[in-house]
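All values derive from a computational prediction rather than experimental measurement. In this chain, residues are counted from 1 in sequence order. Every heavy atom of this structure was used, including side-chain atoms; hydrogens, water molecules and symmetry mates were not.
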Amino acid sequence: MSEAGVPRESAATMLDVQALIDKKDEIEAQIKAYYDVLEDQKGVGMDAPLIDREGYPRADVDIYQVRTARHNIVCLQNDHKAIMKEIEEALHNLHAREKEKRNKDDAEAQAEACLQNLPESFAKIDAVTPGSPANLSGLQVGDEIVAFGSVNASNFQTLQNIASVVQHSEGKPLSITVVRDNKSVNISLTPQRWSGKGLLG
């Protein structure tokens with residue numbers, strides 16, 4: 001409702017919701033006040049007739065006051081229904097936004113934890129020849145090697161370490177672990193002779 005001065009978009013804050021609730025309480029107080037007026041007028045309520053048996057306006061009640069109170073109650077009840085819907089929408093948007101923020105925070109925390117838990121790499125794949133054993137095993141350019149057979153970051157010294165493992169593993173599957181897209185990936189690579197140079201490519 002425009003009189004509450006609260007925007008309809010999902011940027012509603014808890015203060016906006018509280019403003020709507022205050023407006024709702026105000027409307028409810030006004031409705032009660034008008035019902036009290038009707039109660040004071042011989043308890044005519046919203047439906048009691050305002051004419052007597054002869055068809056003349058009743059002399060025991062203030063006709064104008066009763067009609068005004070009834071009219072205002074109807075209008076205020078419509079306002080109340082509208083503002084209740086607005087409160088519901090504002091709360092829904094608020095909770096949805098909080099849930100989205102929570103999910104985002106959880107995802108960021110999980111990603112950070114994954115990064116912290118990733119093993120240390122000691123080499124990076126800068127080229128993979130199509131059709132080579134390395135290519136057929138699934139190795140990709142940009143993969144960061146964290147384990148190549150028995151070689152890892154703690155015992156790696158030079159690329160000769162890897163070359164030695166390859167020479168001694170011709171025809172035998174090697175277990176390789178790489179980091180790809182911030183995820184640890186296990187690959188089985190069998191060094192073997194092919195149409196290109198070396199045993200890997």
Side-chain angles (χ1 to χ4, degrees), residues 1-121 138-144 146 177-187:
M1 294 178 64
S2 59
E3 58 261 50
V6 179
R8 279 187 169 275
E9 62 267 18
S10 60
T13 65
M14 204 60 220
L15 285 176
D16 296 327
V17 175
Q18 188 57 54
L20 287 170
I21 292 173
D22 291 344
K23 186 68 178 177
K24 173 191 74 77
D25 292 343
E26 182 184 333
I27 291 173
E28 289 173 351
Q30 290 176 351
I31 291 174
K32 182 181 182 304
Y34 283 120
Y35 268 115
D36 288 343
V37 169
L38 296 180
E39 187 63 31
D40 291 341
Q41 293 293 323
K42 307 294 184 183
V44 293
M46 294 294 288
D47 304 311
L50 299 180
I51 55 175
D52 58 23
R53 292 179 181 176
E54 283 79 33
Y56 294 103
R58 287 175 55 174
D60 59 336
V61 297
D62 185 329
I63 303 294
Y64 175 78
Q65 193 175 36
V66 170
R67 283 178 175 166
T68 300
R70 286 178 174 177
H71 172 76
N72 288 338
I73 286 173
V74 171
C75 292
L76 287 167
Q77 284 175 335
N78 289 334
D79 290 345
H80 187 268
K81 187 183 299 183
I83 204 166
M84 287 300 291
K85 182 180 179 183
E86 226 175 320
I87 290 172
E88 183 182 352
E89 289 175 354
L91 284 172
H92 173 76
N93 290 330
L94 191 64
H95 292 156
R97 199 165 69 254
E98 287 176 351
K99 183 179 179 182
E100 182 181 347
K101 183 179 182 301
R102 255 197 326 273
N103 290 343
K104 184 180 178 183
D105 291 344
D106 290 346
E108 289 177 352
Q110 189 173 359
E112 186 177 347
C114 287
L115 284 174
Q116 291 174 348
N117 293 331
L118 286 175
E120 182 184 355
S121 63
L139 276 176
Q140 298 179 9
V141 173
D143 284 351
E144 297 180 29
V146 297
T177 304
V178 301
V179 171
R180 180 186 301 161
D181 298 329
N182 296 324
K183 294 177 182 177
S184 183
V185 179
N186 294 318
I187 293 172

>> Walk me through whether Asp25 and Ile21 qualify under side chain to side chain contact (heavy atoms under 4.5 Å, CB included).
In response: CA-CA 6 Å; Asp25 292 343; Ile21 292 173; 4.0 Å; yes
>> Within the structure provided, determine whether Val61 and Ile63 are in side-chain contact (heavy-atom separation under 4.5 Å).
In response: yes
>> Side chains of Asn186 and Val178, heavy atoms from C-beta outward: is any pair under 4.5 Å?
In response: no
>> Distance alone, cut at 3.5 Å: any donor-acceptor contact between the side chains of Asp22 and Gln18?
In response: yes
> With Glu88, which residues qualify under side chain to side chain contact (heavy atoms under 4.5 Å, CB included), at least two apart?
Replying inline: none
> Shortest non-hydrogen contact from Leu38 to Gly45?
Replying inline: CD1-O, 3.4 Å
>> If we ignore hydrogens and angles and just use 3.5 Å, is the side chain of Asn93 paired with the main-chain N or O of Ala90 as donor and acceptor?
In response: no
>> Side chains of Asp40 and Val37, heavy atoms from C-beta outward: is any pair under 4.5 Å?
In response: no
> Taking side chain as C-beta onward, heavy atoms only, is Leu76 less than 4.5 Å from Tyr34?
Replying inline: yes
>> If the condition is side-chain hydrogen bond (donor to acceptor under 3.5 Å, both in side chains), which residues does Asn103 pass it with, not counting sequence neighbours?
In response: none
>> Assess the residue pair His92 and Glu89 against the criterion (side chain to side chain contact (heavy atoms under 4.5 Å, CB included)); give the C-alpha distance rounded to whole Å, side-chain angles, the decisive distance to 0.1 Å, and a yes or no.
In response: CA-CA 5 Å; His92 173 76; Glu89 289 175 354; 5.6 Å; no
> Tyr35 and Ile73: side chain to side chain contact (heavy atoms under 4.5 Å, CB included), yes or no, with the steps?
Replying inline: CA-CA 8 Å; Tyr35 268 115; Ile73 286 173; 3.9 Å; yes
> Looking at Lys183 and Asp181, does any basic side-chain N land under 4.0 Å from a carboxylate oxygen?
Replying inline: no
> Do Thr177 and Ile187 come close enough that some side-chain heavy atom pair is under 4.5 Å?
Replying inline: no
> Roughly how far, to the nearest 0.5 Å, is the NE2 atom of His80 from the NZ atom of Lys23?
Replying inline: 12.0 Å
>> For Asp105, is there an ion pair with Lys101 - N to carboxylate O distance below 4.0 angstrom?
In response: yes
> Could you give the distance from CZ (Arg67) to CG (Asn72), rounded to the nearest 0.5 Å?
Replying inline: 14.0 Å
> When rounded to the nearest 0.5 angstrom, what is the spacing between CD in Gln30 and CD in Gln77?
Replying inline: 12.5 Å
> Below 4.0 angstrom, N of the basic side chain to O of the carboxylate: do Glu28 and Lys24 qualify?
Replying inline: yes
> Does the side chain of Arg70 come within less than 4.5 Å of Leu50's, by heavy atoms?
Replying inline: yes
> Hey, does the side chain of Arg180 reach the backbone of Leu139 with a donor-acceptor pair shorter than 3.5 angstrom?
Replying inline: no
>> Looking at Asp143 and Gln140, would you say the former's side chain and the latter's main chain have a donor-acceptor pair under 3.5 Å?
In response: yes
> Does the side chain of Asp16 come within less than 4.5 Å of Leu20's, by heavy atoms?
Replying inline: no
>> Less than 4.5 Å apart, side chain to side chain, heavy atoms only: is that true for Val146 and Glu120?
In response: no
>> Rounded to the nearest 0.5 Å, what separates atom SG in Cys75 from atom CD1 in Ile27?
In response: 11.5 Å
>> Could you go through Val179 and Val185, starting from their C-alpha distance and side-chain angles, then the distance that decides it, and tell me whether this counts as side chain to side chain contact (heavy atoms under 4.5 Å, CB included)?
In response: CA-CA 6 Å; Val179 171; Val185 179; over 6 Å; no
>> Please check: side-chain N/O of Gln41 versus main-chain N/O of Asp62, any donor-acceptor pairing under 3.5 Å?
In response: yes
> So, for Pro49 and Arg58, which heavy atoms are closest and what is the spacing to 0.1 Å?
Replying inline: O-NH1, 3.1 Å
